[in-house]
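As structure tokens, the structure follows; a few thoughts come after it.
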Amino acid sequence: VHLVLASGILNLRKMAFGMAGDDEGRLASKPDQDYSALVDVLVQECKKLVQDGQLEDALEKLATLEKQTRTGGDMISTGRILVTIVELCYETQNWNALNEQLVLMAKRRGQLKQAVTKMVQRAMEFVDEITEEDRKLRLIDTLRTVTLGKIYVEVERARLSMKLATIKEAEGNIAEASTILQDLQVETFGSMDKREKVEFILEQMRLCLANRDFISLQIMSKKVSARFFENDQNSDLKLRFFQMMVAHGQHEKNFLTICKHYRSVYETKLVQDDADKRREALQNVVIFVLLSPFNNEQSDLMHRVAGERNLDEIPLYNALIKDIIRDEVLDWSHMCQTYEAELRTGTSFPATGSLSAETEDGRANWEALRKRVVEHNIRVIAKYYTQIRMSRMAQLLSLDDGECEASLSGLVVDKMIYARFDRLNGIVSFQQSSDPADLLNDWSRNITELTSL
């Protein structure tokens, strides 16, 4: 029993000092002895050995002293020795020794975490200096192996992964580059600066978009807090973020969401201070709020956009949204004559490209706008008519009977309006029959009001 208790206490002490495993590392405590003077002498001696071509002897001497400084808890001296080892290997262009020493020193039993961090940071500087691609990739792979699972070098591992992903993307392997970055959950890194975290997540999103992985793109976007973009110093990251979210919304054909994204772009100080960017963002806000299917949220947003004071800078867009808000039947052919050139190619100002006839998305959006105008006209007719012949309704909408019926049926299915169609007589009724109980209650209430007079 006493042996078991003693063993348990020993294990707890090992865990407390970070010695539970050979490669976990431990934090430095107060050193038992200062080895700095001894390290100064040995470093100079080893540099002379390297100049004489005796790298292995120099590494052996440094490894012997490293054991003493490590077991003695001298973090500064241990870090200097580890940095010297990798520098000597790099200076002699001995790539095999460099990679072997990185792995070997990181796996020393009870290795000091701060010393490993210094060694990794120094080796990372070599990555940018190496010109040969194979050697660079091998060093990155070694450093990523060394940093795997170690929280104290998680930031370094993330930066190495970014470098590796950049190389893979340059080779045209976008899928692998995206996978490399998605393996890292930088939002949980406590030692990484918040701006750097967001930049990393934006890079993850960009590669997901380039790889047409829209599901992962949406997941990644949830990791960025909206409060981060409230700081004007982060406006550049905000614009990058919403640019990718617009691309995601365009893929999903979620026009209302796109409108909200462009509204966030429009409200950015960096955009507000630039007249051209402000006008372009507002143009897109108007276009996509009009492309959005009608509902209470869309109607509320459209009225708020219509009240935007800067709409006077784009008069035709201002007139268009005012036309849609009014409860009047709109003639599509007249709208095309008035607005098409401005919306699709730009006459007064450059067009945004959202309705361009040159792109597939632009043509699809133009058809969606036509559909929204037809739906608007049907809602207006339903408001002013209780019954109307299908032929007359098709005439008002400038559609044939089949297309008119299809549009009407779509609104009824979506519960935007109530309508019944008598095919034999060709009559559409918009008046909803009242429930007998509700009708009796209305009569009773009216009689009560009359008698109370």
Side-chain angles (χ1 to χ4, degrees), residues 255-256 258-259 263 282-344 347-349 351-352 354-355 364-421 426-432:
F255 298 123
L256 188 59
I258 297 175
C259 174
R263 201 154 186 256
L282 189 55
Q283 285 174 302
N284 279 313
V285 169
V286 173
I287 288 172
F288 284 101
V289 77
L290 296 181
L291 289 176
S292 305
F294 178 82
N295 54 38
N296 291 336
E297 184 180 10
Q298 185 268 351
S299 178
D300 176 68
L301 183 58
M302 182 167 59
H303 281 80
R304 279 186 284 158
V305 172
E308 180 62 46
R309 67 180 187 277
N310 289 327
L311 273 179
D312 294 336
E313 299 177 4
I314 44 176
L316 278 180
Y317 288 81
N318 188 14
L320 175 61
I321 196 170
K322 295 294 192 300
D323 285 346
I324 298 292
I325 287 177
R326 282 195 294 268
D327 289 335
E328 297 179 1
V329 175
L330 303 174
D331 182 12
W332 175 249
S333 59
H334 179 265
M335 288 187 65
C336 289
Q337 293 176 2
T338 307
Y339 302 112
E340 183 174 9
E342 177 72 15
L343 294 176
R344 307 194 78 173
T347 53
S348 305
F349 305 102
T352 63
S354 301
L355 299 171
N365 290 345
W366 183 255
E367 286 301 314
L369 179 62
R370 178 176 177 272
K371 182 179 179 182
R372 298 294 173 257
V373 171
V374 171
E375 292 173 351
H376 163 82
N377 290 339
I378 293 175
R379 290 196 305 273
V380 171
I381 292 172
K383 183 175 181 179
Y384 289 109
Y385 285 82
T386 56
Q387 286 186 343
I388 187 173
R389 290 193 175 277
M390 178 61 74
S391 57
R392 173 57 177 162
M393 185 176 177
Q395 181 184 3
L396 290 173
L397 299 177
S398 301
L399 301 174
D400 56 56
D401 289 354
E403 192 175 0
C404 179
E405 183 179 345
S407 300
L408 176 64
S409 300
L411 287 181
V412 172
V413 170
D414 293 337
K415 298 184 178 179
M416 292 293 113
I417 62 171
Y418 173 86
R420 298 179 67 182
F421 181 33
I427 296 176
V428 179
S429 175
F430 297 106
Q431 190 172 13
Q432 190 170 0

Exercise. Do other residues, nucleotides or ligands put more than 12 heavy atoms under 6.0 Å from the NZ atom of K371?
Worked result: no
Exercise. Do the side chain of R372 and the main chain of L291 share a donor and acceptor less than 3.5 angstrom apart?
Worked result: yes
For this session: Decide whether N365 and S354 meet the rule of one side-chain donor and one side-chain acceptor closer than 3.5 Å.
Result: no
Problem set entry | CE-SG distance between M390 and C404, expressed to the nearest 0.5 angstrom | 5.0 Å
Problem set entry | Pair D312 + R309, salt bridge at N-O below 4.0 Å | no
Exercise. Please, which pairs that meet ring-ring contact (aromatic ring centres under 6.0 Å, His included) have at least one residue in residues 283-319, sequence neighbours excluded?
Worked result: Y262-F288
Seminar exercise, completed: Heavy-atom nearest pair, I378 first then I417, reads CG2-CD1, 3.7 Å
For this session: Measure from the side-chain N and O atoms of S409 to the backbone N and O of E405, and report whether any donor-acceptor pair falls under 3.5 Å.
Result: yes
Exercise. Could you give the distance from CZ (R392) to OH (Y385), rounded to the nearest 0.5 Å?
Worked result: 5.5 Å
Exercise. Does any non-hydrogen side-chain atom of I388 lie less than 4.5 Å from one of F430?
Worked result: yes
For this session: Would you indicate whether the side-chain heavy atoms of L343 and Q283 approach each other to under 4.5 Å?
Result: no
Exercise. Is the closest side-chain heavy-atom distance between V380 and H376 below 4.5 Å?
Worked result: yes
Exercise. Can you check whether L330's main-chain N or O pairs, donor with acceptor, with N377's side chain at less than 3.5 Å?
Worked result: yes
Exercise. If we only count heavy atoms from C-beta on, is the E340 to W366 side-chain gap below 4.5 Å?
Worked result: yes
Problem set entry | Within-4.5 Å side-chain heavy-atom neighbours: Y418 and S429 | no
Exercise. Below 4.0 angstrom, N of the basic side chain to O of the carboxylate: do E328 and K383 qualify?
Worked result: no
Problem set entry | Minimum side-chain heavy-atom gap I381-V428 below 4.5 Å | no
Exercise. Are a donor atom and an acceptor atom from the side chains of D327 and Y384 found within less than 3.5 Å of each other?
Worked result: no
Problem set entry | Any donor-acceptor pair under 3.5 Å from D400 side chain to G402 backbone | yes
